Number of protein chains: 2
Amino acid sequence: MKLPSWLGAAQWLPGYNRQTAAQDGVAAIIVTIMLIPQSLAYAMLAGLPPEVGLYASILPLVAYALFGSSRTLAVGPVAVASLMTAAAASEIAAAGTTQYLTAAILLATLSGGFLVLMALFRLGWIANLLSHPVVSGFITASGILIAASQLKHLLGVPLSGHNLYELSLSLLAHRDQIHWTTLILGGSATAFLFWVRRAFKPLLLNIGFSPFWADLTSKAGPVLAVVVTTVITAWLRLDKDGLAIVGDIPGGLPGLVMPSLDMTLWQQLLVPAILISLIGFVESISVAQTLAAKRRQRINPDQELMGLGTANLASAFSGGFPVTGGFSRSVVNFDAGARTPMAGVFTAAGIALTALFLTGLFAFLPKATLAATIVVAVLSLVDIPTLKHTWHFSRLDFTAMLITVLGVLGFGVETGVMAGVISSLALYLYRTNQPHVAEIGQVPGTEHFRNVQRHDVRVSPRVLSLRIDEALYFANIRRLEDQIYDAALQRPQTEHVILNGAAINHLDASAVEGLLSLDQRLHDAGLTLHFSEIKGPVMDQLKRARLPEQLSGNIYLSHFKALEDLAPDCLEKASHDLQGNNTPVS
Amino acid sequence: MKLPSWLGAAQWLPGYNRQTAAQDGVAAIIVTIMLIPQSLAYAMLAGLPPEVGLYASILPLVAYALFGSSRTLAVGPVAVASLMTAAAASEIAAAGTTQYLTAAILLATLSGGFLVLMALFRLGWIANLLSHPVVSGFITASGILIAASQLKHLLGVPLSGHNLYELSLSLLAHRDQIHWTTLILGGSATAFLFWVRRAFKPLLLNIGFSPFWADLTSKAGPVLAVVVTTVITAWLRLDKDGLAIVGDIPGGLPGLVMPSLDMTLWQQLLVPAILISLIGFVESISVAQTLAAKRRQRINPDQELMGLGTANLASAFSGGFPVTGGFSRSVVNFDAGARTPMAGVFTAAGIALTALFLTGLFAFLPKATLAATIVVAVLSLVDIPTLKHTWHFSRLDFTAMLITVLGVLGFGVETGVMAGVISSLALYLYRTNQPHVAEIGQVPGTEHFRNVQRHDVRVSPRVLSLRIDEALYFANIRRLEDQIYDAALQRPQTEHVILNGAAINHLDASAVEGLLSLDQRLHDAGLTLHFSEIKGPVMDQLKRARLPEQLSGNIYLSHFKALEDLAPDCLEKASHDLQGNNTPVS
């Protein structure tokens with residue numbers, strides 16, 4: 001059996017055997033049980049009928065198994081992508097309409113297409129524009145927003161809005177309409193799920209469960225909540241009392257769906273679809289890499305793009321909505337012993353059987369229970385410690401994070417993530433715009449040069465030695481040029497300026513122009529500009545720009561050599577001749 | 001006399017004396033003679049009545065003298081800003097209408113206001129977003145576009161369009177309507193001006209002129225062309241034959257103009273006004289710095305923003321259009337001996353006298369002559385050698401330049417410069433996205449480590465030593481993480497990975513997260529991650545992020561120490577103990 005190498009399955013399918021199948025099968029049963037309530041809940045979060053959640057959990061898993069590169073990633077509907085789907089689709093039509101479903105399916109199509117294009121043109125680096133503070137702030141704020149959006153199901157009031165402000169106003173307007181049966185049932189389910197998450201696992205460990213079974217049993221909490229509340233609802237017919245239930249779910253497998261070809265709709269949904277794919281990809285690949293490392297495997301980012309892209313296309317063509325790799329689900333899959341993506345295929349089969357034969361069981365499932373599982377799941381996304389760490393680490397990073405959080409909470413998911421990306425780029429440029437420049441002097445008796453402000457070093461009044469700790473490019477060269485020129489002119493005895501280039505990693509054309517213009521300005525002012533310790537690749541660049549020929553001064557292999565040449569009287573001879581110190585660093 | 005320090009004039013006005021006044025006066029006479037035809041020509045280029053060019057050359061010069069920081073910069077209308085004014089104003093109304101003039105005045109108001117805001121909030125670094133290739137490509141393409149736009153005056157046909165494509169179509173449509181008198185007169189003036197520029201100065205030097213007077217006389221070429229063609233036109237009444245002339249210019253000084261407060265107009269013109277200010281500032285400050293260096297003076301960028309900002313506001317309130325520092329005019333001012341900005345005040349007086357008493361002299365001045373002076377002036381902006389150098393220097397820089405050139409020529413000035421800025425930022429991110437990582441080994445017998453691909457060095461099979469030549473941040477950390485992880489796993493014997501940080505200039509929060517995640521992944525795969533030679537400021541950052549406590553390995557002061565600890569058997573003992581090599585670089 002020979003599979004083409006662009007198929008991710010080529011890595012594992014040829015050697016597939018019965019023993020691996022057994023391991024994958026066990027994992028698949030556990031993931032299926034976990035995925036059924038999740039797929040119903042995230043469809044509800046996305047504003048879609050429950051069966052759409054099931055559809056998004058069948059074919060996408062098979063597509064990912066064929067094309068993806070992670071052995072254990074479990075794809076399907078996830079909270080953040082569902083929220084983003086709801087935000088984008090509700091711009092097109094009201095939830096519950098055919099137009100709304102069409103929009104959700106088109107979002108999956110466009111996300112899938114965009115991910116596949118990224119894979120084919122090796123554009124995975126675009127996802128790097130999402131910095132860690134932006135992603136982290138985005139996830140935290142989305143968690144809060146998702147929890148707030150579920151209040152409508154927990155209180156039984158018709159809230160609307162895509163940011164905290166709109167949701168709060170809506171809550172105020174409807175504060176008299178709280179439905180008490182819903183609140184009691186939803187509140188109990190939420191409290192139970194919190195208890196399971198916090199206290200149930202230690203309890204199980206105490207009474208002698210193995211860590212593996214304790215973990216797995218505590219993760220079955222949502223299933224238990226679903227079963228118990230469904231039975232209570234059906235028994236007491238709480239739906240007659242006004243409790244919202246899932247209702248009849250049409251049974252059967254999804255049919256083939258042709259996504260809309262309406263170009264106006266494409267234009268409206270393209271940006272949200274790109275954002276959904278990028279966020280989904282970033283989240284998914286970090287889960288995949290974490291799990292792969294535990295078995296010394298590797299993830300190929302391009303293959304991963306292909307896997308997620310085809311999964312979304314498969315979701316679209318079977319009437320589903322955007323999917324990606326889910327964190328907790330993948331961890332369960334991994335812990336339950338999945339060895340290959342065949343576990344995903346088995347899970348898909350499990351969900352397909354559910355769609356065929358078990359949908360009737362969910363008719364009396366209260367929406368409040370699904371909302372409770374969502375709230376408890378997403379509150380773990382809210383990551384306050386990272387906010388604190390980022391504040392301590394760097395004000396610039398924290399600013400980008402804060403802009404993202406406030407953007408998401410105040411204006412919605414799309415505006416928030418865009419504001420975050422733009423501000424993190426602007427802040428990075430602002431940072432590199434202020435290069436660290438240190439005046440350096442000789443450590444007496446050595447060939448070493450150190451920051452005059454941190455060390456006791458020798459300096460010549462006629463020579464200004466500066467070390468530049470930054471790659472030079474258009475956004476910082478003008479300021480640096482002024483900085484060096486001013487520093488030189490402030491010391492009236494200065495005749496020579498030597499720039500130590502050991503930490504200059506690269507240059508662009510603006511930087512070369514700036515250095516030549518600095519040389520010209522210094523020359524006009526009666527000073528000479530030199531360089532020292534330029535690295536190999538940077539030296540190649542300078543030669544290509546013919547800088548050495550145009551420079552008024554010289555380029556020295558070492559800073560010591562430069563001072564030997566320009567101000568030997570101010571040097572203290574090194575006690576040893578150091579070997580190899582003059583070789584340029586390449 | 002005590003002036004506040006935020007006034008640029010505080011630097012020179014208190015010590016002003018009769019001798020300096022005499023030097024400034026001589027320079028002012030020469031600049032005035034040069035500026036009269038230029039101000040008329042650039043008003044025509046901007047699609048405005050000729051007197052507006054004179055108005056823009058009076059009060060702005062006085063404002064700049066008070067607030068600017070350059071001693072010799074000559075501000076006033078310039079070619080590129082005039083073209084940009086025409087492009088923006090013609091989006092609002094047709095040239096010649098009151099609305100068009102209102103738009104031009106508002107452009108000066110908004111540019112001035114934006115420059116003053118940049119000065120007050122120290123936002124001059126925004127101008128750094130214009131990389132050298134983008135500015136250079138922009139100026140070259142603008143020169144071509146300006147020359148093409150003047151064909152209508154040289155051929156006497158009514159061309160229209162704001163990019164080469166529209167202008168070419170327009171030329172094709174009007175190809176039968178060429179006015180031969182105009183073409184002959186305009187062509188002769190152009191040929192004469194080219195000859196003066198190329199051959200006249202060497203001739204004057206040959207017949208014994210001093211370089212100073214030869215240069216100055218050859219720069220009076222446009223004045224001579226204006227006088228001769230005006231006299232010929234008036235004498236032969238060529239205007240009756242259909243030759244376009246400047247016509248009656250209303251004499252007198254400009255009155256106080258209140259710029260429009262129409263908010264819709266503000267919104268439409270804000271982006272063009274920002275672009276005009278940024279391009280004007282970048283061009284102006286590079287001229288100012290070049291000239292300042294020749295006299296060992298310095299330019300304060302914030303003061304310069306204030307000078308140009310108030311000059312534009314002064315232009316607006318006296319009915320003018322956007323102004324900035326002109327290159328050739330400033331060089332003439334400098335060479336003619338101007339010592340202080342008082343020369344600008346004297347020039348303003350000269351233009352004011354012209355506006356009061358001499359406008360009648362320009363009635364018979366052919367527009368074709370003005371077009372000829374513009375064409376000859378702007379073709380010197382076209383800089384093909386820089387295009388070639390940039391191609392040889394770096395394909396990335398060349399790409400940004402080419403996008404700018406094609407953008408300006410194909411879609412007009414605004415689209416061109418925006419495309420240039422966005423592409424140069426994207427290309428910079430692309431560049432830093434691929435950090436240079438070198439495997440390093442010991443130079444035998446020393447404590448030095450060099451690239452294994454360029455040098456003959458010793459490597460331990462159990463330790464992978466990598467030097468990272470890039471600051472680490474969100475846009476490159478994910479790729480780097482994968483690169484290091486893959487490199488480590490490709491060598492099955494590897495137990496330790498040491499990252500040499502001598503060239504890591506800074507980190508952000510994403511980079512720290514990435515390094516910790518890399519450590520986790522390597523740890524899960526049975527490897528240990530270490531660092532060596534981290535610089536002082538970067539070490540401070542790592543400590544703030546608590547990385548040293550979380551890292552599976554150690555942080556070594558020198559790479560040699562790291563290998564002494566991890567693989568002493570694979571080191572060749574250094575022949576000398578090198579002094580000071582273990583001090584961390586700060």
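Order of the sequence lines fixes the chain letters, A, B, ..., with proteins taken first and strands second; residue numbering starts at 1 for each chain. Owing to the predicted nature of the structure, the values given are computational and were not obtained by experimental measurement. Quick note: numbers below take in every heavy atom, side chains included, and nothing from hydrogens, waters or symmetry partners.
Using non-hydrogen atoms only and a strict 4.5 Å limit, the part of residues 473-481 of chain A facing chain B consists of A:Y473, A:F474, A:A475, A:R478, A:R479, A:E481.
Note that the CG atom of A:L396 and the CG atom of B:D508 stand 9.5 Å from one another [nearest 0.5 Å]. Note that CG of B:D469 and NZ of A:K535 are 3.5 Å apart. Values are rounded to the nearest 0.5 Å. Of the inter-residue distances, the one linking A:N505 atom CG with B:N505 atom CG reads 5.5 Å to the nearest 0.5 angstrom.
Side chain of B:D397 to backbone of A:A509: a donor-acceptor contact under 3.5 angstrom is found.
Neither the backbone nor the side chain of A:V134 comes within contact range of chain B, judged by heavy atoms closer than 4.5 Å. A:F398 does not touch chain B: none of its heavy atoms, backbone or side chain, sits under 4.5 Å away. In this structure, no portion of A:H523 lies under 4.5 Å from any heavy atom of chain B. Neither the backbone nor the side chain of A:P435 comes within less than 4.5 Å of any heavy atom in chain B.
No more than 12 heavy-atom neighbours from other residues, nucleotides or ligands sit within 6.0 angstrom of CD on A:Q453.
A:H559 pairs by the ring-ring contact (aromatic ring centres under 6.0 Å, His included) definition with A:F449, not counting sequence neighbours. Listed by chain and number, the residues in a side-chain hydrogen bond (donor to acceptor under 3.5 Å, both in side chains) with B:E513 amount to none (sequence neighbours excluded). Listed by chain and residue number, nothing satisfies the side-chain hydrogen bond (donor to acceptor under 3.5 Å, both in side chains) test with B:T399 (two or more places apart in sequence, or in another chain).
Heavy-atom pairs under 4.5 Å with chain A peak, among B:Q541, B:R546, B:R295, B:K543, at B:Q541. Chain A forms the most heavy-atom pairs under 4.5 Å with one residue out of B:I440, B:D482, B:L522, and that residue is B:D482. Comparing B:A511, B:S424, B:A400 by heavy-atom pairs within less than 4.5 Å of chain A, the highest count is held by B:S424. Each of A:L425, A:I299, A:V512, A:T290 has some count of heavy-atom pairs under 4.5 Å with chain B, and the biggest count is that of A:L425.
Looking at heavy atoms from C-beta onward, B:E470 lies in side-chain contact with A:H506 at the 4.5 angstrom threshold. At a threshold of 4.5 Å between non-hydrogen side-chain atoms, the residues B:H436 and A:P537 count as touching.
Summarising the geometry of B:S510 relative to A:H132, their closest heavy-atom pair is OG-N, 2.7 Å, with the distance given to 0.1 Å. Closest heavy-atom contact between A:A545 and B:F393: CB-CD1, 3.6 Å.
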